[in-house]
Enquirer: 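Quick one: structure below, then a few questions.
Letters A, B, ... are given to chains in the order of the sequence lines, protein chains preceding strands, and every chain is numbered from 1.
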2 protein chains.
Amino acid sequence: MNEPDGGNRRSRRGRRPGESGTRNAILAASRKRFAEQGYDNASIRDIAVAAGVDPALVHHYYGSKESLFIAAMRLPNIPGLVGKALESDPEALAEGRLGELLARTVVMIWEDKTLQRTAIGLLRSALTHERAAAMLRDFVRSTIFGQIASTLRSPDAEYRVSLAASQVIGLLMARYVLRVEPLASASGQEVVRAIGPALQRYLAGDIGTDSGTA
Amino acid sequence: MNEPDGGNRRSRRGRRPGESGTRNAILAASRKRFAEQGYDNASIRDIAVAAGVDPALVHHYYGSKESLFIAAMRLPNIPGLVGKALESDPEALAEGRLGELLARTVVMIWEDKTLQRTAIGLLRSALTHERAAAMLRDFVRSTIFGQIASTLRSPDAEYRVSLAASQVIGLLMARYVLRVEPLASASGQEVVRAIGPALQRYLAGDIGTDSGTA
DNA sequence: GTCTATATGATGATAGAC
DNA sequence: GTCTATCATCATATAGAC
């Protein structure tokens with residue numbers, strides 16, 4: 001059976017198994033539903049409908065709801081994005097504009113629809129799902145704030161970072177999840193101008209402890 | 001039937017109907033479960049067990065899970081507490097220490113176990129339950145921030161208040177719900193010193209718009 | 001006021017036909 | 001790879017006996 005490629009454009013030697021795009025469709029749909037409804041309220045049936053596939057296929061590909069959630073919420077390239085943002089403006093680090101840089105990074109990352117859905121999904125689920133809470137803590141700590149904290153030399157760097165984290169989490173919650181107005185409708189620029197200095201103070205300013213820069 | 005009280009200490013004229021304490025036990029237990037698990041994960045069965053009553057009684061008293069939730073999350077005396085906090089230090093308002101006052105009020109209100117449970121329950125549920133989100137918005141806006149915003153004369157008072165709200169929400173989320181360290185273990189005093197000035201700036205400082213106090 | 005029994009429905013998961 | 005059929009479990013809610 002040495003059939004040549006002939007008019008058959010797609011395959012080199014017969015049709016390869018798997019890979020019909022269904023798998024990714026399920027993943028994308030699950031991100032959407034998890035972001036909109038949180039872990040518990042997003043049912044596998046809903047996700048299957050959104051992806052246009054049969055519910056049984058979801059199990060077939062991902063085994064369980066938990067596994068699907070973990071697969072959907074894992075985005076490998078965040079550290080890269082953050083690193084690039086940090087490198088893009090190296091002077092800001094030395095110049096005491098770290099807070100502004102962080103604010104800009106958060107707003108910038110938010111442009112990416114997939115990242116946005118992942119983050120909202122984690123936020124939504126973190127409060128009712130223990131696993132999601134752990135993933136969110138890792139997400140925030142080891143990537144975004146881990147990298148930024150390492151640029152601080154303060155002895156209470158951890159405390160400072162957790163304060164900044166509280167403001168960032170609050171921003172995401174109020175602006176993107178709860179949609180509190182008028183914050184939700186403000187431009188990214190405005191938000192950066194408003195939040196940046198607050199983050200700067202948390203990270204390197206006087207926060208009422210010993211090691212303030214007054 | 002003019003029977004006198006006689007030796008019957010408890011009742012004036014025979015035993016009054018109802019009121020065995022069960023109703024309040026259910027309410028208290030539901031606050032606990034809603035706070036710990038959020039609206040969806042807290043089942044009526046769980047609540048009944050926590051209250052030491054039969055699940056059917058919960059329905060009997062409150063009709064539905066929604067009604068129970070609404071009853072549990074409604075706390076009438078918040079405006080009073082806030083008002084008292086504001087009156088307790090009238091000079092702070094004039095002196096530009098509104099942010100500190102707000103931070104102190106939040107931390108203070110958090111001392112009350114019932115209030116705390118209500119707030120956490122609302123926060124937990126707001127992200128997955130539309131009704132709870134609406135209640136939280138009202139809770140925050142009409143009581144706490146409504147009263148404080150009215151003391152501002154800035155034209156962008158709403159924007160400023162929503163910024164402050166984002167920080168307060170983030171504080172509650174990070175410190176009390178997600179329990180991000182070391183913020184979660186910090187003392188109330190430390191938190192007030194750290195957050196207060198940030199709130200002050202949002203409410204009356206330079207936030208990058210026209211109406212800043214530079 | 002309190003509880004037993006049950007109606008009714010949604011969910012995650014699995015086995016197995018095509 | 002895909003789908004039908006089904007299981008077991010858990011939920012809210014209700015009717016009615018004591």
Side-chain angles (χ1 to χ4, degrees), chain A residues 10-11 13-73 121 124-125 128-132, chain B residues 10-11 14-34 36-73 121 124-125 128-132:
Chain A
R10 268 258 207 56
S11 56
R13 247 206 262 316
R15 180 174 184 260
R16 287 196 219 94
E19 295 311 311
S20 62
T22 308
R23 198 184 174 91
N24 284 332
I26 292 172
L27 206 63
S30 79
R31 283 206 193 95
K32 199 162 174 235
R33 303 302 274 168
F34 283 139
E36 285 166 355
Q37 318 214 27
Y39 182 83
D40 296 297
N41 284 1
S43 72
I44 288 195
R45 283 166 160 86
D46 287 349
I47 291 169
V49 170
V53 304
D54 190 277
L57 274 188
V58 179
H59 278 108
H60 180 251
Y61 280 118
Y62 292 97
S64 74
K65 191 180 178 181
E66 272 278 334
S67 314
L68 173 60
F69 182 73
I70 291 174
M73 294 296 114
R124 270 238 164 77
S125 309
T128 51
H129 201 67
E130 196 39 57
R131 185 105 189 200
Chain B
R10 270 254 208 59
S11 55
R15 183 173 183 259
R16 286 195 220 95
E19 293 311 310
S20 62
T22 308
R23 198 184 176 94
N24 284 331
I26 292 172
L27 206 62
S30 79
R31 285 207 191 96
K32 200 163 173 232
R33 304 302 276 169
F34 284 138
E36 284 166 358
Q37 320 215 30
Y39 181 83
D40 297 296
N41 284 2
S43 72
I44 288 194
R45 285 165 158 82
D46 288 349
I47 291 169
V49 169
V53 304
D54 190 279
L57 272 188
V58 179
H59 279 109
H60 180 253
Y61 280 119
Y62 291 98
S64 74
K65 192 180 178 179
E66 271 280 331
S67 314
L68 173 60
F69 182 73
I70 292 174
M73 294 296 114
R124 270 238 164 78
S125 309
T128 50
H129 201 68
E130 195 39 57
R131 186 101 190 204

Enquirer: For the residue pair B/Asp40 / B/Thr128, report whether a side-chain donor-acceptor contact shorter than 3.5 Å exists.
Expert: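 Note: B/Thr128 and B/Asp40 side chains meet the donor-acceptor criterion.
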
Enquirer: Send over the distance from B/Glu66 CD to D/dA13 C1', rounded to a whole Å.
Expert: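 Roughly 14 Å, once rounded to whole Å.
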
Enquirer: C/dA13 C1' sits how many Å from A/Ile47 CD1, rounded?
Expert: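 Roughly 14 Å, once rounded to whole Å.
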
Enquirer: For the pair B/Arg124 and B/Tyr39, evaluate side-chain contact (heavy atoms from CB on, under 4.5 Å) and give the outcome as yes or no after the intermediate values.
Expert: CA-CA 8 Å; B/Arg124 270 238 164 78; B/Tyr39 181 83; over 6 Å; no

Enquirer: Of the nucleotides D/dT14, C/dT2, D/dT2, which one has an atom closest to the side chain of B/Thr22?
Expert: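 So the nucleotide nearest the side chain must be C/dT2.
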
Enquirer: Is B/Ser43 near enough to D/dC10 that one of its side-chain N or O atoms lies under 4.0 angstrom from OP1 or OP2?
Expert: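 Result: no.
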
Enquirer: Can you measure B/Asp46 atom CG to D/dA11 atom P for me and round it to whole angstrom units?
Expert: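 Going from CG in B/Asp46 over to P in D/dA11 covers 6 Å.
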
Enquirer: According to a strict under-4.0 Å criterion, is B/His59 in side-chain N/O contact with OP1 or OP2 of D/dT14?
Expert: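 Indeed not, no polar side-chain atom of B/His59 lies that close.
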
Enquirer: Please determine, for the side chain of B/Asp54, which listed nucleotide (C/dC3, C/dT2, D/dT4) has the closest atom?
Expert: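 It is C/dC3.
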
Enquirer: Picking from B/Val58, B/Asp46, B/Ile44, B/Ile47, what satisfies side chain to side chain contact (heavy atoms under 4.5 Å, CB included) with B/Ser30?
Expert: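 Testing each of B/Val58, B/Asp46, B/Ile44, B/Ile47 against B/Ser30, the sole residue satisfying side chain to side chain contact (heavy atoms under 4.5 Å, CB included) is B/Ile47.
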
Enquirer: Output, in order, the C-alpha distance, side-chain angles, deciding distance and verdict of side-chain contact (heavy atoms from CB on, under 4.5 Å) for A/Leu27 and A/Tyr62.
Expert: CA-CA 9 Å; A/Leu27 206 63; A/Tyr62 292 97; 3.5 Å; yes

Enquirer: Quick one: on DNA chain C, does B/Gly52 or A/Asp40 contact a more 5' nucleotide (nearest heavy atom)?
Expert: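 Whichever sits nearer the 5' end wins; that is B/Gly52.
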
Enquirer: Nearest whole Å is fine: how far is D/dA11 C1' from A/Asn41 CG?
Expert: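 Rounded to the whole Å, the gap is 13 Å.
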
Enquirer: Give the rounded distance in Å between these two atoms: CG of A/Leu57 and P of D/dC3.
Expert: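 Distance check: A/Leu57 CG to D/dC3 P gives 5 Å.
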
Enquirer: Reading DNA chain C 5' to 3', what string of ( ), [ ], | and . shows its pairs, if Watson-Crick and G-U wobble pairs count only when both distances fall under 3.5 Å?
Expert: |||||||.||||||||||

Enquirer: Taking the side chain as C-beta and beyond, is there a heavy-atom pair between A/Leu68 and A/Ile26 under 4.5 Å?
Expert: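 Heavy-atom side-chain distance check passes, below 4.5 Å.
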
Enquirer: Nearest-Å distance, NE2 (A/His129) to P (C/dG12)?
Expert: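 Rounded to the whole Å, the gap is 12 Å.
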
Enquirer: Of all the nucleotides listed (C/dT11, C/dC3, D/dT2), which has the minimum atom distance to the side chain of A/Arg45?
Expert: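 In terms of side-chain proximity for A/Arg45, the closest of C/dT11, C/dC3, D/dT2 is C/dT11.
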
Enquirer: When you get a sec, tell me which of D/dT2, D/dT14, C/dT2 is the closest nucleotide to the side chain of B/Ala56?
Expert: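 From the listed options, D/dT14 comes nearest.
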
Enquirer: Considering only C/dG12, C/dT2, D/dA13, which nucleotide approaches the side chain of B/Lys65 most closely?
Expert: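 The answer is D/dA13, which lies nearest to the side chain.
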
Enquirer: To the nearest Å, how far apart are A/Arg33 CZ and C/dT11 P?
Expert: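 Going from A/Arg33 (CZ) to C/dT11 (P), I get 10 Å.
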
Enquirer: Is the closest side-chain heavy-atom distance between A/His60 and A/Asp54 below 4.5 Å?
Expert: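 In short, these two side chains do not touch, never coming nearer than 4.5 Å.
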
Enquirer: Kindly assign one of parallel, tilted or perpendicular to the pair A/His129 and A/Phe69, based on the angle between their ring planes and the thresholds 30° and 60°.
Expert: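 Perpendicular: the ring planes of A/His129 and A/Phe69 meet at over 60°.
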
Enquirer: Could you give the CD1-to-P distance, from A/Ile26 to D/dC3, as a whole number of Å?
Expert: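 In whole Å, D/dC3 P lies 10 Å from A/Ile26 CD1.
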
